Asks: 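Structure below; questions to follow.
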2 protein chains.
Amino acid sequence: MSVQAIAWSPTGAVRIIDQRALPEARLERDLEGAEAVAEAIRTLQVRGAPLIGIAAAMGLVAGTRELRGAPREQFLARLGQLVELLAAARPTAVNLRWALDRMAAVAAHLPGAGSAIWERLHAEATAIWEEDRAMCRRIGEAGLPLVPDGAKVLTHCNAGALATGGIGTALAPIYLAHEAGRTLHIFVDETRPVLQGARLTAWELSHAGIRCTLIADAAAGSLMRQAKVDLVLVGADRIAVNGDFANKIGTYPLAVLARHHGVPFYCAAPSSTIDASLQDGAVAALNPAFDVTPARYVTGYITDRGLRKPPFGGN
Amino acid sequence: MSVQAIAWSPTGAVRIIDQRALPEARLERDLEGAEAVAEAIRTLQVRGAPLIGIAAAMGLVAGTRELRGAPREQFLARLGQLVELLAAARPTAVNLRWALDRMAAVAAHLPGAGSAIWERLHAEATAIWEEDRAMCRRIGEAGLPLVPDGAKVLTHCNAGALATGGIGTALAPIYLAHEAGRTLHIFVDETRPVLQGARLTAWELSHAGIRCTLIADAAAGSLMRQAKVDLVLVGADRIAVNGDFANKIGTYPLAVLARHHGVPFYCAAPSSTIDASLQDGAVAALNPAFDVTPARYVTGYITDRGLRKPPFGGN
């Protein structure tokens, strides 16, 4: 059973696992308002593009609980302030802006006073979360045939339950294969410099009872050479139209090593990760926390729309 | 000017830089006897194959200072005890055993009492150190033409002044190029899991005034793809007859990435590192702290006997 990274608390606050405290402690926090959610995003208590969007949407709901009795204009004015506050918590997060815009549009188009709008926002935030859970599951189903019984899978960074509202993206096929009773072994890159693999991925896999071994990033090449890796599964932050994709630094060398050793290399991501405005990945390499993996190294893409083999073509 | 990792103290103790304290503090310790040297080797205050051998030889001398007035048999009996004590400090270190055997043989073959033997041992330990310094310099001269003005060099782990009695092995061509007034930029792999690059190599290069950038091991691939690396220079723990070589984990993926991007990849090591009993590197991959780089990935070997291009052939 995978960990659940976010939930409503019984009183309507946003309940999160403080990811800074992992793996030493599992610390749940109830974020009572939008300010607390913004702070949690800023300080990386909550991370992962899908999870940030969900948390922000839920934060708007938690943060307007006290305004349910307010007249429409007062409610919308305060909501607008909270949208800007949350958007500013991580200005580069596309998913965060998308979720906030969706919430704001719903509020603007619904007639009525604060209580009616609030009820609708609560439903909308829950829908954003539920859609993400379903999306993760579809990715998992698309990738499930790639992870047979006995599979040895290498992954990088954290594209798991702790990054989403559901069972993750790159880890989704792994969770479903485990659910199906398959025995797996996951090699987890520690993922320097921020150690998302060591702190988060190894923790969430162990929590779910899936066998894993933490490795130094630089050990992946030797493992492949010794035929100890059947498959590489990674997530993506952005996929260009031609299939080049940006992801955490260290993804690109894994792709080269996988190609060199004949190991299949799959990228798993929501189809919304495809950026129609980017023809290829040539411009996306300016941030040293990320690298770009050219499409020619990718065996396939696992999205909520199924498994897609190159050539990618962007649709 | 490179740092000097070892020296005689004014009173005849073995003066070392405690490498556990780097880079936060430069802490010099005077090791008064063989026990203290053995402890320093065990606890990684002193590391690097050549440096360990030198430290052990000097430790025998420091540890028998008080016995200079002793009769021959008493002196040799105590010397034998100290040889075993030091050899046990790191049983896998070939160079340590080699240096101790050389010291013991010199003592056994010299007639006379304690004082004469001690003088000879002092000269022998100093010779072992001086030979290592000269060996480093020859490696540096062999590799110097590979490091032109403006060169951007990537290195892994620490094969520098802190690993030897002189200017290192992989770093020796870099120090000589810097001495020659060439402007260089060195990318230093942090070298997980023990961080020898981050703690030692970056420190000793900065100490010498050589510009360097510390990178996550997983960032090397992107740098090569962006044509920011002209040359990879690494050391070797053991070189097989066919040119396969064992070195710190993470060396092999660098070799694959270098080949993939057309970046020259050089291994620098004393010619004594070649192990005539190993036909190839197939058996040497059992220790997960090390990996084996097949000879076919190596552009050339820089040894104290000069620069050698493959095929290697073992002589």
Side-chain angles (χ1 to χ4, degrees), chain A residues 154-157 187-198 213-229 232 234 244 246-263 281-294 296-297, chain B residues 154-157 187-198 213-229 232 234 244 246-263 281-294 296-297:
Chain A
L154 190 149
T155 189
H156 190 69
C157 196
F187 293 105
V188 179
D189 269 1
E190 62 173 359
T191 317
R192 291 286 292 169
V194 186
L195 294 169
Q196 291 92 340
T213 302
L214 185 65
I215 63 167
D217 302 330
S222 285
L223 284 178
M224 290 190 208
R225 185 162 177 244
Q226 294 165 52
K228 291 187 176 162
V229 178
V232 178
V234 297
D244 293 357
N247 195 40
K248 189 64 72 264
I249 189 89
T251 302
Y252 169 64
L254 281 184
V256 173
L257 290 164
R259 168 64 56 92
H260 184 81
H261 295 91
V263 175
V283 297
L286 299 173
N287 184 338
F290 295 87
D291 61 24
V292 174
T293 299
R296 66 178 180 279
Y297 293 103
Chain B
L154 190 148
T155 189
H156 190 69
C157 197
F187 292 106
V188 179
D189 269 1
E190 63 174 358
T191 318
R192 292 284 294 169
V194 186
L195 294 168
Q196 292 92 340
T213 302
L214 185 66
I215 62 168
D217 302 330
S222 284
L223 284 177
M224 291 190 207
R225 185 160 178 244
Q226 295 165 51
K228 290 187 176 161
V229 178
V232 178
V234 297
D244 293 355
N247 195 41
K248 187 65 71 268
I249 189 87
T251 302
Y252 169 64
L254 281 184
V256 173
L257 289 164
R259 167 66 56 92
H260 183 82
H261 295 91
V263 175
V283 297
L286 298 174
N287 185 338
F290 295 88
D291 61 23
V292 174
T293 299
R296 66 178 181 279
Y297 293 103

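To find a chain, count down the sequence lines: A is the first, B the second, and so on, and within it residues start at 1. What you see is a predicted model, and the numbers here were worked out from it, not measured in a lab.
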Asks: Would you give the length of the straight line joining atom OH of Y297(B) to atom NE2 of H260(A), rounded to the nearest 0.5 angstrom?
Replies: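 Output value for this atom pair is 2.0 Å.
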Asks: Of T293(B), V292(B), V256(B), which meets side-chain contact (heavy atoms from CB on, under 4.5 Å) against R225(A)?
Replies: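 Only one option passes, and that is V292(B).
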Asks: Provide the closest heavy-atom pair for A218(A) versus P253(B) in the form atom of the first, atom of the second, distance.
Replies: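 It is O-CG, 3.4 Å.
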Asks: Counting C-beta onward and ignoring hydrogens, is there a side-chain heavy-atom pair between R192(B) and R192(A) closer than 4.5 Å?
Replies: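 Of all side-chain heavy-atom pairs linking R192(A) with R192(B), at least one is under 4.5 Å.
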Asks: Output the distance between atom CD1 (I249(B)) and atom CG (L223(A)), rounded to the nearest 0.5 Å.
Replies: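 Interatomic distance, I249(B) CD1 to L223(A) CG, rounded to 0.5 Å: 7.5 Å.
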